[in-house]
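See below for the structure under consideration.
What you see is a predicted model, and the numbers here were worked out from it, not measured in a lab. No hydrogens, no waters, no symmetry mates; every other heavy atom, side chains included, goes into these values.
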Amino acid sequence: MEQRIEILPGVFLTAVQTDKFKTGCFSINFLRPMCRAEASMNALIPSVLLRASERYPDIPSISARLDELYGASMGTLVRKKGEVQLVGFFADFIEDALTGEPVFVPVLEFMAEILLHPLTKNGHFVPEFVEGEKRNLSNAIAARINDKRSYATSRLLQTMCREEAYGVPRLGEMEDVARVGAEGLYAHYKKVLAESQAELFYMGRKTPHEAAECLQRVLSALPRAQAFMPVGTVQGPAPAAPREVREALDVTQGKLCIGLRTGCTVRDESYPALLMLNAIYGGGVTSKLFQNVREQMSLCYYAGSSIEKFKGVMVVSAGIEFDKYTTAKDEILRQLELCRAGEITDEEFEAARRYILSELKLAQDSPGRLDDFYMGQVVAGLSGTMDELADSVLCVRKDDVAAAARRLQLDTIYFLEGENT
């Protein structure tokens with residue numbers, strides 16, 4: 001049973017009651033507009049808060065309290081869904097019924113202490129904590145280049161969406177992190193608490209109203225003002241002519257990324273058809289890209305596609321030899337043309353459907369993936385469940401998939417090549 005309840009002004013709870021797990025979980029998310037001016041500050045806030053509070057003034061005391069709560073865990077969240085940034089905390093804990101004493105409420109109270117009562121110095125965050133978390137965030141941003149596959153995808157999206165809010169990286173930019181100070185970050189933290197729509201997710205054995213009553217009590221001191229309400233993500237237009245970008249780094253394998261505008265987001269009725277198209281084209285081991293471009297033609301080490309359902313973007317990525325750039329690119333695009341023409345076998349179609357339904361079923365057995373799904377629904381302004389999405393997928397026909405393929409528009413081709421090629 002799922003239910004969404006407004007527990008405070010601009011504070012909403014999505015609750016899923018279930019007894020299938022021995023542990024329960026919840027998250028608290030503050031929704032912010034994705035923009036460079038505050039992306040890095042937003043990303044820093046949860047990490048700085050989790051360093052110390054008034055009652056738990058250091059990491060050992062925080063760890064000790066979590067140990068007392070039967071090994072409950074609590075971590076930071078920094079997510080990007082379309083052009084909305086979500087920052088906050090995620091926690092899981094053993095169910096009360098298995099301990100014989102309350103755990104859920106003490107965990108909520110601990111979270112509220114960390115969130116609302118940070119340890120301060122001279123009226124703002126402790127400078128040493130801020131500088132330490134700035135180093136950690138800078139290291140995380142710098143490490144993006146170490147995973148060349150992920151780096152190539154991020155560079156493609158930055159190129160495609162350079163004039164759009166979606167082009168801002170999830171963690172912000174290195175130079176922006178360097179400019180953050182303890183006083184300014186504390187002022188921004190106060191603004192985030194007061195002026196952000198807050199979304200909570202709970203999954204466990206309590207009823208939605210029981211969970212809502214507990215959360216309403218522990219968060220009663222949360223400041224509330226005029227909240228930012230996400231208005232959705234804007235789909236950007238494809239350029240008049242596709243862009244082609246090359247970048248040279250010290251790599252031994254080329255990374256080819258192709259970005260397409262889908263003309264469809266998760267909010268559209270045709271989204272299930274786009275989901276099926278992605279699975280048929282490059283979404284798994286039965287897809288055209290994997291079976292034909294990788295297995296039969298041996299043009300790449302890996303090949304696949306994915307969709308950003310909030311922004312309306314498809315990304316195709318492949319690892320190739322440098323001298324196979326043109327051949328691989330042309331064949332990848334040819335496989336898309338086959339989809340547009342409706343040249344999809346029954347085996348490809350049914351394998352793709354089984355793949356999607358299996359993924360949805362697996363996701364329902366993962367508290368973290370359920371949390372991510374429902375937060376995505378909130379950002380998109382939707383209320384459907386995974387079961388309803390699965391039912392929609394069952395109604396998709398081959399003609400629908402071909403129509404979804406014909407809506408795709410080639411935007412940018414990015415190639416990461418070696419320095420001496």
ask   = How would you list, by chain and number, every residue that makes a salt bridge (Lys or Arg N to Asp or Glu O under 4.0 Å) with Glu359, sequence neighbours excluded?
value =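 Applying salt bridge (Lys or Arg N to Asp or Glu O under 4.0 Å) to Glu359 gives Arg369.
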ask   = Quick one: salt bridge (Lys or Arg N to Asp or Glu O under 4.0 Å) partners of Arg144, sequence neighbours excluded?
value =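 For Arg144, the residues satisfying salt bridge (Lys or Arg N to Asp or Glu O under 4.0 Å) (neighbours in sequence not counted) are Glu173.
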Please tell me if the side chains of [X] and [Y] come closer than 4.5 Å, counting only heavy atoms from C-beta onward.
X      : Y      : result
Met111 : Val107 : no
Leu108 : Tyr202 : no
Pro208 : Gln17  : yes
Asp411 : Leu260 : no

Compare every heavy atom of [Y] with every heavy atom of [X], then report the nearest pair and how far apart it is.
X      : Y      : result
Leu86  : Met375 : CD2-CB, 4.1 Å
Pro46  : Leu77  : CG-O, 4.0 Å
Tyr271 : Lys309 : OH-CD, 3.4 Å
Val266 : Ala380 : CG1-CB, 3.6 Å
Ala43  : Gln85  : N-NE2, 4.3 Å
Gly204 : Glu95  : CA-OE2, 3.3 Å

Take atom [atom1] in [X]; do more than 12 heavy atoms of anything else shown fall under 6.0 Å from it?
X      : atom1 : answer
Lys22  : NZ    : no
Glu101 : CD    : yes
Arg36  : CZ    : yes

How far does [atom1] of [X] sit from [atom2] of [Y], to the nearest 0.5 angstrom?
X      : Y      : atom1 : atom2 : answer
Met314 : Leu336 : CE    : CG    : 7.5 Å
Ile258 : Tyr414 : CD1   : OH    : 14.0 Å
Arg79  : Phe90  : CZ    : CZ    : 8.0 Å
Ile45  : Arg32  : CD1   : CZ    : 8.5 Å
Arg340 : Arg406 : CZ    : CZ    : 9.5 Å
Gln158 : Glu164 : CD    : CD    : 12.5 Å

Answer yes when [X] and [Y] have at least one side-chain N-carboxylate O distance shorter than 4.0 Å, and no when they do not.
X      : Y      : answer
Glu83  : Lys311 : yes
Asp96  : Arg205 : no
Lys288 : Glu331 : no
Glu348 : Lys398 : no
Arg224 : Glu6   : no

Between [X] and [Y], do the side chains contain an N or O donor and an N or O acceptor separated by less than 3.5 Å?
X      : Y      : value
Gln253 : Tyr302 : no
Gln335 : Tyr281 : no
Glu183 : Asn122 : no
Asp371 : Ser27  : yes

ask   = Can you name the ring-ring contact (aromatic ring centres under 6.0 Å, His included) partners of Tyr186, sequence neighbours left out?
value =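 In terms of ring-ring contact (aromatic ring centres under 6.0 Å, His included), with neighbours along the sequence ignored, Tyr186 is linked to Phe125, Tyr189.
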message = Please report whether the ring centroid of Phe93 lies less than 6.0 Å from that of Tyr70.
response =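 When the ring centroids of Tyr70 and Phe93 are compared, they turn out to be at least 6.0 Å apart.
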Tell me whether [X] contacts the main-chain N or O of [Y] through its side chain, where contact means a donor paired with an acceptor under 3.5 Å.
X      : Y      : value
Asn278 : Gly283 : no
Arg353 : Val396 : yes
Asp58  : Ser61  : yes
Ser196 : Val192 : yes

task = Start with the C-alpha distance between Ile280 and Phe349, add both sets of side-chain angles, then the distance that settles side-chain contact (heavy atoms from CB on, under 4.5 Å), and finish with yes or no.
result = CA-CA 6 Å; Ile280 290 166; Phe349 190 81; 3.8 Å; yes
query = Hey, mind stepping through Tyr56 and Phe110 against ring pair (Phe, Tyr, Trp, His ring centres under 6.0 Å) and telling me if it holds?
reply = CA-CA 9 Å; Tyr56 307 102; Phe110 173 77; 5.4 Å; yes
inquiry  = Here's a test for you: under side chain to side chain contact (heavy atoms under 4.5 Å, CB included), which of Leu215, Ile28, Leu8 qualifies with Leu13?
reply    =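 Filter result, single survivor: Leu215.
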